[in-house]
Amino acid sequence: MTEPSSLAPLLSVVVPVRNEVGNVGPLLADIEAACAPLGAFEVVYVNDGSSDGTPAALAALASNRPWLRIVTHAQSCGQSAAVRSGVRHARAPIVATLDGDGQNDPAFLPAMVEALQKAGMQAGLVQGQRVGRKDTGFKKLQSRIANGVRGRLLKDGTRDTGCGLKCFRREAYLALPYFDALHRFMPALMVREGYEVVHVDVRDRPRLSGVSNYGFFDRLWVGVLDLVGVWWLIRRRKRVPQIVTENR
């Protein structure tokens with residue numbers, strides 16, 4: 001098991017979960033194995049109002065892992081809200097996110113951190129792009145249609161914004177306008193703020209156990225409204241200010 005570090009973490013990994021009791025242990029082991037070579041890190045699990053054994057499983061895991069922190073929502077507020085809670089509690093300047101069902105492979109985290117660091121401060125986000133997706137054909141068709149419409153309207157150069165594997169600068173994320181489903185529009189909003197977006201291909205895995213807790217149809221029409229809203233936000237931002245002097 002990774003020994004705790006007295007240093008401030010260089011990376012915070014935020015994982016939103018709701019009713020994922022069968023997945024938290026195996027996924028946390030994969031995250032630990034992937035992040036240990038990076039130096040000081042922390043993992044922030046956000047329990048989004050789970051009603052199964054997820055809270056007890058997380059508490060047991062945290063008992064001997066000082067780098068594991070748990071944030072709990074009194075009731076489920078959705079994936080974007082859970083991600084935001086995790087980022088706000090994160091202590092590292094670089095934050096990575098991944099879904100709590102195990103389909104996002106943590107083995108890609110080191111490459112994503114490296115890509116963000118190599119790109120320099122002008123890069124705000126490294127967005128994972130899934131290959132070999134393990135979802136059903138219907139779900140993949142839904143994503144293909146949604147990403148196609150979003151890409152044509154927002155022109156953010158990202159083919160797969162639904163991938164939960166993301167790595168970004170904490171301060172850049174917190175500067176974005178918050179709304180439910182923000183995590184699906186991060187590339188476009190990062191570009192709106194003047195940041196570059198880097199893309200990294202990542203491997204998809206089958207869900208470890210259980211069923212999806214964040215469905216498609218319950219967000220379909222809200223997603224259409226969000227898409228129009230993000231398009232409006234982008235059009236209203238004429239240019240990003242470039243600060244050349246500052247008096248102290």
Side-chain angles (χ1 to χ4, degrees), residues 11-16 31 34-35 38 44 79-80 82-84 86-87 90 92-135 139-140 142-205 214 219 223 226-227 230-231 233-234 237 240:
L11 172 69
S12 296
V13 181
V14 172
V15 188
I31 294 172
C35 293
L38 297 176
V44 183
Q79 189 171 357
S80 278
V83 169
R84 184 168 177 81
V87 176
I94 295 178
V95 177
T97 64
L98 49 85
D99 294 340
D101 58 10
Q103 286 194 255
N104 299 148
D105 191 343
F108 290 93
L109 290 174
M112 298 182 78
V113 172
E114 181 181 11
L116 184 65
Q117 292 173 328
K118 282 188 174 180
M121 294 303 296
Q122 69 271 21
L125 167 70
V126 175
Q127 171 67 56
Q129 305 276 263
R130 289 169 289 188
V131 295
R133 290 188 62 179
K134 304 303 181 183
D135 289 321
K139 191 169 183 179
K140 285 188 282 189
Q142 292 172 341
S143 294
R144 190 176 302 118
I145 293 172
N147 279 311
V149 172
R150 177 203 48 74
R152 283 192 291 272
L153 192 60
L154 302 184
K155 298 179 174 61
D156 59 6
T158 301
R159 75 169 188 268
D160 181 19
T161 63
C163 179
L165 266 171
K166 295 174 170 64
C167 183
F168 48 85
R169 303 192 186 281
R170 181 176 181 270
E171 64 176 13
Y173 171 89
L174 292 176
L176 301 180
Y178 174 73
F179 55 93
D180 284 342
L182 165 63
H183 64 289
R184 295 185 174 275
F185 297 96
M186 279 181 63
L189 292 171
M190 283 286 184
V191 171
R192 176 182 182 268
E193 294 299 318
Y195 289 103
E196 294 179 5
V197 175
V198 179
H199 299 95
V200 172
D201 285 345
V202 299
R203 181 178 63 251
D204 203 32
R205 308 191 297 186
Y214 294 114
R219 64 172 180 254
D226 287 339
L227 178 59
V230 172
W231 173 79
L233 280 172
I234 292 172
R237 186 66 178 263
V240 178

Quiz item: Is Arg192 reaching over with its side chain to a backbone N or O of Leu233, donor-acceptor style, under 3.5 angstrom?
Solution: yes

Exercise. Keeping the roles fixed (side chain from Ser12, backbone from Val95), state whether a donor-acceptor pair exists under 3.5 Å.
Key: no

Quiz item: When you measure from the side chain of Asp99 to the backbone N and O of Asp101, does any donor-acceptor pair fall under 3.5 Å?
Solution: no

Exercise. Go through Leu11 and Val13 one step at a time and tell me if the side-chain contact (heavy atoms from CB on, under 4.5 Å) criterion holds.
Key: CA-CA 6 Å; Leu11 172 69; Val13 181; 3.9 Å; yes

Quiz item: For Ala90 and Arg170, which heavy atoms make the closest approach, and how far apart are they?
Solution: O-NE, 3.3 Å

Quiz item: Got a second to check how far Asp105's CG is from Asp204's CG, nearest 0.5 Å?
Solution: 9.5 Å

Self-check item: Side chain Gln127, main chain Arg159, donor-acceptor under 3.5 Å
Solution: no

Practice problem: Would you name the heavy atoms of Ala123 and Val198 that are closest together and state the gap between them? | Solution: CB-CG2, 4.3 Å

Exercise. Give the minimum heavy-atom separation between Asp226 and Asp180, together with the two atoms involved.
Key: OD2-O, 3.2 Å

Quiz item: For Asp201 and Phe108, what are the C-alpha separation, side-chain angles and deciding distance, and is it a side-chain contact (heavy atoms from CB on, under 4.5 Å)?
Solution: CA-CA 9 Å; Asp201 285 345; Phe108 290 93; over 6 Å; no

Exercise. Using the side-chain hydrogen bond (donor to acceptor under 3.5 Å, both in side chains) rule, pick out the option among Arg130, Gln129, His199 that qualifies with Asp160.
Key: Arg130

Quiz item: Does some side-chain heavy atom of Pro187 sit less than 4.5 Å from a side-chain heavy atom of Leu125?
Solution: yes

Quiz prompt | Side chain to side chain, Ile31 and Val15, heavy atoms closer than 4.5 Å | solution = yes

Self-check item: Reported SG-to-CZ distance for the pair Cys163 and Arg184, which is rounded to 0.5 angstrom
Solution: 10.5 Å

Quiz prompt | Trace of the side-chain contact (heavy atoms from CB on, under 4.5 Å) decision for Val230 with Phe179 | solution = CA-CA 10 Å; Val230 172; Phe179 55 93; 3.5 Å; yes

Quiz item: What is the distance from atom OG1 of Thr161 to atom CE of Met186, rounded to the nearest 0.5 Å?
Solution: 10.5 Å

Practice problem: Could you tell me how the ring of Tyr173 sits relative to the ring of Phe168: parallel (under 30°), tilted (30 to 60°) or perpendicular (over 60°)? | Solution: parallel

Quiz item: Which atom pair, heavy atoms only, marks the closest approach of Ala34 to Pro110?
Solution: O-CG, 3.3 Å

Quiz item: Any sub-3.5 Å donor-acceptor pair from Arg203's side-chain atoms to Val131's backbone N or O?
Solution: no

Exercise. Determine whether the side chains of Thr97 and His183 contain a donor N or O and an acceptor N or O closer than 3.5 Å.
Key: no

Practice problem: Sorted by first residue and then second, give each side chain to side chain donor-acceptor pair (under 3.5 Å) pair with at least one member in residues 116-125; sequence neighbours left out. | Solution: Glu114-Lys118

Quiz item: Could you go step by step and tell me if Met190 and Glu196 meet the side-chain contact (heavy atoms from CB on, under 4.5 Å) rule?
Solution: CA-CA 7 Å; Met190 283 286 184; Glu196 294 179 5; over 6 Å; no

Quiz item: Which heavy atom of Pro16 sits nearest a heavy atom of Gln79, and at what distance?
Solution: CG-CG, 4.2 Å

Quiz prompt | Distance (rounded to the nearest 0.5 Å) between Asn104 CG and Leu109 CG | solution = 9.0 Å

Quiz prompt | Least distance between heavy atoms, Ile234 atom then Ala188 atom | solution = CD1-CB, 3.9 Å

Quiz prompt | Interatomic spacing from CD in Glu171 to CG in Leu176 - rounded to 0.5 Å | solution = 11.5 Å

